[in-house]
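Let me begin by presenting the structure, written as structure tokens, before commenting on it.
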Amino acid sequence: MAKIQIPRGTQDIMPGTVELWHYIEAKARDLCRRFNYHEIRTPLFESTELFQRGVGETTDIVEKEMYNVSNPRSEDALTLRPEGTAGVVRSYVENKLYGSPNQPVKMYYLGPMFRHERPQAGRYRQFVQFGAEAIGSSDPAIDAEVIALAMRLYQELGLTGLSVELNSVGTLEDRANHRKHLLEHLNGVRDQLCPDCQSRIDRNPLRVLDCKNETCKTLTKDAPSILEYLSDESAAHFEAVKAYLTELGIAYTVNPRMVRGLDYYTQTAFEIKMAEIGAVETLCGGGRYNGLVAELGGDDMPGIGFALSIERLLLALEKQGVQLPVSVGIDCFVAIQTPDAKSAAFRLVDRLRSAGVAAELDYLDRKMKAQLKQADRLAARFTVIIGESELASGTAVLKEMATGEQQEIKLDELPAVIASRLG
Ligand code: HAM
């Protein structure tokens, strides 16, 4: 029979690697606790319309990358979530969280997202995002807070040399004012732009500024910047965000050409980057979405958030040679010198586990030497050896692997002794 392979752009996270994920996830959750963000779990699929309206009809995500899922018995048009913000805002509206006494509502999520992209290093079709959203405040301090939360995760994991790129894409009104002037410029060079940009001019001209094509970059070098068209309010907001970042000691560069690939952004937009992590350098992206709650049928509430993928984070850690302090070893291996000791060993392992000790024994009838090798392979901190004479006296030899130190101890006392020596 032919083997069935894993779908392109997905990966199995195997034992031995999953411990890194656990470590990062625990760090992310602990940071959210400290920053007072609470977890929300929304479905992996939502109605297709949510993303069409929320993320935007003309975005690459909605036009090309969504996995639409259906069942012949259902009429519902459903889509595997390509990102988390739309679902969180849908839930916020549906659960009337604008009425919650705790404002702003601060939530985070950690889970898989799905996009049909061309797979490459750091770009998958299923990837796990850690994201946070704060809904209900337009205070520029909270813009700085979400950027700080993402940066703190990277820093506490040991990454260095990251840069924050910051922009303001203004309000819808600011963008309408800018659009007229931008279109004048773009129409002047329309014929020389790449086919993608030619179609973007009419649908979403700001995105032309974000094109990676060198010719397009040169042709739009002197295009009017959105920053020149910010209203007084948007400009003041942008200045305040910068000032708060400075207060937190977070360095940033303003990139007036940065346009994020989702349509809901207003005012603050940001990305966290690391040079040379392969084809993709953006580790994290986010921004303000002051119109999204209303767009999805709620009151007119402002929001801001970010998302980053664990896959890109791991790639960055690998590039910088950062070793996370994860331990994969067990606490204690129980080896037996005679088959007669099997049930005593089996009982002891169970009692060790009850006492909180990660314990294992041999299930392959290995000889003593092979059992000790297995204890090594499992990186056991302690090995307990039960021999014939020990069995007779109800004792066993406890050996600490790092020091080689040995001690004979009563079987009954072993769980407590090992648990206390593990601290
Ligand atoms: P995004 O820029 O589309 O924004 O994605 C955010 C992050 O998700 C990226 O910076 C990257 O780390 C990761 N990511 C995206 N696509 C892939 C992929 N194919 N493979 C691996 N990692 C990927 C959003 O999703 C917005 N919802 C962020 C946001 C939250 N804005 C406001 N709140």
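One-based numbering, in listed order, for ligands and for the atoms of each.
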Does a side-chain heavy-atom distance below 4.5 Å link [X] with [Y]?
X	Y	answer
Thr268	His237	yes
Asn290	Gln267	yes
Met113	Val128	no
His22	Val326	no
Ile272	Met151	yes

Going by the atom numbers of ligand 1, which of them fall below 4.0 Å from some non-hydrogen atom of [X]?
X	value
Cys284	10 (O)
Thr85	26 (C), 27 (N), 29 (C), 30 (C), 31 (N), 32 (C), 33 (N)
Glu83	25 (O), 26 (C), 27 (N)
Arg260	1 (P), 2 (O), 4 (O)
Gly286	31 (N)

Which heavy atom of the protein is the closest neighbour of [atom], given with residue, atom name and distance?
atom	result
atom 31 (N) of ligand 1	Tyr265 OH, 2.6 Å
atom 33 (N) of ligand 1	Glu133 OE1, 2.9 Å
atom 12 (O) of ligand 1	Leu283 O, 2.8 Å
atom 9 (C) of ligand 1	Arg312 NH1, 4.1 Å
atom 8 (O) of ligand 1	Gln129 NE2, 3.1 Å
atom 7 (C) of ligand 1	Ala307 O, 3.4 Å
atom 20 (N) of ligand 1	Tyr124 N, 3.0 Å
atom 32 (C) of ligand 1	Gly305 O, 3.2 Å

| query | Is it the case that Thr218 and Thr215 place a side-chain donor and acceptor less than 3.5 Å from each other? | reply |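 There is no such pair between these side chains.
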
| Residue pair Asp174 / Thr171, side-chain donor-acceptor N/O under 3.5 Å |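 Short answer, yes.
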
| said: Using the rule side chain to side chain contact (heavy atoms under 4.5 Å, CB included), only one of Met401, Glu400, Gln406 pairs with Thr403; which is it? | reply: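 The single option meeting the side chain to side chain contact (heavy atoms under 4.5 Å, CB included) with Thr403 is Glu400.
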
| task | Going by heavy-atom distance to atom 22 (N) of ligand 1, choose the closest among Ser309, Gly84, Gly261. | result |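 Among Ser309, Gly84, Gly261, the closest heavy atom to atom 22 (N) of ligand 1 comes from Ser309.
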
| Would Arg257 and Glu165 pass as an ion pair if we require N to O under 4.0 Å? |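 So Arg257 does not pair with Glu165 through a salt bridge.
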
| Is the shortest side-chain N to carboxylate O distance from Glu184 to Lys180 below 4.0 Å? |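 No, Glu184 and Lys180 are not salt-bridged.
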
| message | Does Lys399 form a salt bridge (charged side-chain N to carboxylate O under 4.0 Å, His left out) with Glu405? I'd like the steps, not just the answer. | response | CA-CA 6 Å; Lys399 178 171 174 185; Glu405 186 191 313; over 6 Å; no

Looking at ligand 1, does [X] have a heavy atom less than 4.0 Å from it?
X	value
Gly131	no
Glu311	no
Gly122	yes

| message | Counting only nitrogen or oxygen atoms and a 3.5 angstrom limit, does Arg115 reach ligand 1? | response |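 Between Arg115 and ligand 1, an N or O pair is found under 3.5 Å apart.
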
| field | Polar contact flag for Tyr264 and ligand 1 (N/O pairs, less than 3.5 Å) | value |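 Among all N and O atoms of Tyr264, at least one is under 3.5 Å from an N or O of ligand 1.
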
| Phe238 ring centre to Lys242 NZ or CZ under 6.0 Å, with the angle to the axis within 45°? |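 Yes, Lys242 lies over the aromatic ring of Phe238.
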
| field | For ligand 1, the portion of Glu117 having any non-hydrogen atom under 4.0 Å away | value |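 Looking at Glu117 and ligand 1, just side chain atoms fall under 4.0 Å.
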
